[in-house]
There are 2 protein chains.
Amino acid sequence: MTTQSGSASPRAATLTDVARLAGVSIATASKAINGRDQVKAETRLRVLEAAERLSFAPNALARGLLKGRTGTVGLLTSDLEGRFSIPVLMGAEDAFGAGRVSVFLCDARGDAIREQHHVRALLSRRVDGLIVVGSRTDPRPPLSADVPVPVVYAYAPSEDASDVSITADNVGAGRLAVEHLLSCGRRRVAHVSGDPGYKAAQDRAAGAAAAMTAAGLELVGGQTFFGSWSEGWGRGAARMIVEQHGDVDAFFCGSDQIARGVLDALRELGRDVPGEVSVIGFDNWEVLTTNARPQLTSVDMNLERLGRVAAQRLFAAIDGTVRPGVEELPCRVVTRASTVPIS
Amino acid sequence: MTTQSGSASPRAATLTDVARLAGVSIATASKAINGRDQVKAETRLRVLEAAERLSFAPNALARGLLKGRTGTVGLLTSDLEGRFSIPVLMGAEDAFGAGRVSVFLCDARGDAIREQHHVRALLSRRVDGLIVVGSRTDPRPPLSADVPVPVVYAYAPSEDASDVSITADNVGAGRLAVEHLLSCGRRRVAHVSGDPGYKAAQDRAAGAAAAMTAAGLELVGGQTFFGSWSEGWGRGAARMIVEQHGDVDAFFCGSDQIARGVLDALRELGRDVPGEVSVIGFDNWEVLTTNARPQLTSVDMNLERLGRVAAQRLFAAIDGTVRPGVEELPCRVVTRASTVPIS
DNA sequence: AAACCAACCGAAAAGGTTTTCTGAATGTAT
DNA sequence: ATACATTCAGAAAACCTTTTCGGTTGGTTT
């Protein structure tokens, strides 16, 4: 049964209504509500009561029109389903939500046309700035140059070095992971990673290799085993490596999914984790790490922090202070049962 | 090195600029741009060229102020990290993005105070409507009554039956899952589910029991085995059930995580899936289903569609047409290797 | 008593767009 | 040539808030 809404909303209360009810001019009402000091305490009280009674909410459109600042920012993501954008987005939303800023969310689905379309819409709404969130750490083409508001690129940096970009330090992360394994007393470390077409995969591998070299060691097999970001690849790679290099005593995996596969294969091969072999994953995806047997140590990219930092940089840029270039935030190792020191 | 931005953005072009450049009044410019028919073709062309040259974008604030409609809606979610909100959000974003509507995203983190705060901010920005997305199907308290714009509740319905709510048909989903297992020739179906405090768990269990009854059968153990939404519980429950009811030939799991645990346990017990036992999960979470051995059949709640429908209902409500009550959308079974007909 | 000061309030402009109504110009019918 | 219809352009109001500046009131100083 379809009905017409008899919506009992006559009209949202305006400052004029408040002023009339309080028996003052709109100028005074405005000053009273905004805490300006040109109004007597008693009058202010009267105005505030009136505002309360009418549940008055100042019209942000009118205010934005007047002040040139809207207190809104656009958050442009390329793929919401990807699990990297979400934490970044949360961090940003968090940092903004603390203040008086609201966030427009747009998903471009990796389509440049759609992205352009969204940018236009956002500019038309006079956002104060934009955050562009990518799903890979490979640099991406910048937005068309004539965007009249500050832009910050998060996770996926801009190709243009004069833009402001925030991303995760994947080289450092690779180093951290290997150093953690070494600190557990391991020496024969294999690195199983995903699609080599990802810059993140290459960076982590570079960091891992560097850390091994620094310790006077070499990765098992003398290389990184690239494949796909799947459990299946993890299983296959682990079996192959154990067969060819029986003395392997640690796996640094390029993702938690790969690590899950490695863990499964090791169990089936009768290798004890963490007794004989240590395993560390990447991404610290709770649902995978905490359900693994044993629970999985993993590298956390701190994406939420990344989002927060991006928001802060955007704030700064809106206030006119910019620090162009790519800022790489450190990752951290979250230790669980799959890596323990050799006793 | 921090620098002051020499931002080369003098000022966004306004309609006045366009009009001046085209040598017409702003009224004519407006009409030309908006396709009104009070303007000569040749004049319109001149205006459009001018607008193009200045890359003019009409100020949505001014327009919204005047027309009373802003073309924005608020999307209020209670937990972004939860994986149920995201697809709904995507569907809604999608449905809106197709038109001229932009979406404000707010995450209340399950905190009523923060929610209230966000609602106020959104109303201050004069959104045309609100979608409230929950992370569980348990009914939730409605927003405070004096919200002057239409509200649609998605996934988590409102406790107030006169509100508009869209959710997933979990009873029907339970029935579907069991019917699928029966159609594969199974008769001894066990139902392993998660936290019984979730309405979704109860609903699915009810649907499953009903389907068994309708087929003249009974669930293995005469009940649903509730526990937690984890792989660990799936493993433990499967072991227990196989021990106590050795003739079990199918598992309906309350989540894909539980199903993963069940699959692991069955493999370790030497029970062949899908040869001896069929397993069906719930949520159709790709990363879990497609990486399972064998790949996991699962019930998909179609959350993206749910988001889209919510957006459509909101559109309708904004246009004055409302259909109060809880609308339950059907789920569907996505068949993979873990369930095949007995040959 | 005159001049001055402080405290408070209100009028008005500005911000950019849409829409209505009036006005001008051109063309058509008588 | 006059009356009239038609087509197009522009002036102005409206939307709601903030802020500046001028004005009023009452009290204080010389």
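In what follows, every chain begins at residue 1, and chains take the letters A, B, ... in the order their sequences are listed. Every value quoted in this text rests on a predicted model; they were computed, and no experiment measured them.
Under the 4.0 Å criterion applied to side-chain N and carboxylate O atoms, A:D138 and A:R136 are assigned as salt-bridge partners. The residues A:R140 and A:E115 are annotated as salt-bridged, a charged nitrogen and a carboxylate oxygen being separated by less than 4.0 angstrom. Ion pairing between a basic and an acidic side chain is recognised when a charged N comes within 4.0 Å of a carboxylate O; B:R69 and B:D319 show such pairing. A salt bridge does not link B:E49 with B:R53: every distance from a Lys NZ or Arg NE/NH1/NH2 to an Asp or Glu carboxylate oxygen is 4.0 Å or more. Salt-bridge annotation for A:D94 and A:R308: present, with a side-chain N of the basic residue lying under 4.0 Å from a carboxylate O of the acidic one. Ionic pairing of A:R313 and A:D163 is not present here: no N-O contact between side-chain nitrogen and carboxylate oxygen is shorter than 4.0 angstrom.
Taking five base pairs at each end of the helix from C:dA1-D:dT30 to C:dT30-D:dA1 and finding the rotation axis that steps the C1' atoms of four pairs onto the next four gives two axes whose angle is 60°, to the nearest 10°.
If you measure from atom CZ of B:R69 to atom P of C:dT18, you get 16 Å, rounded to the nearest angstrom. Distance, B:I33 CD1 to C:dG16 P: 14 Å, rounded to whole Å.
Distances shown here put a side-chain N or O of A:K67 below 4.0 Å from the OP1 or OP2 atom of D:dT19. For D:dT19, the OP1/OP2 oxygens have a side-chain nitrogen or oxygen of A:R36 closer than 4.0 Å.
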Indicate for each nucleotide in nucleotides 9-17 of chain D, in 5' to 3' sequence, whether protein heavy atoms under 4.0 Å reach the base (B), only the sugar-phosphate (S), or nothing (-). BBBB-BBBB
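Not counting sequence neighbours, the partners of B:F315 by the ring-ring contact (aromatic ring centres under 6.0 Å, His included) test are B:F96.
Side-chain contact annotation: B:S102 with A:R125, donor-acceptor N/O pair under 3.5 Å present.
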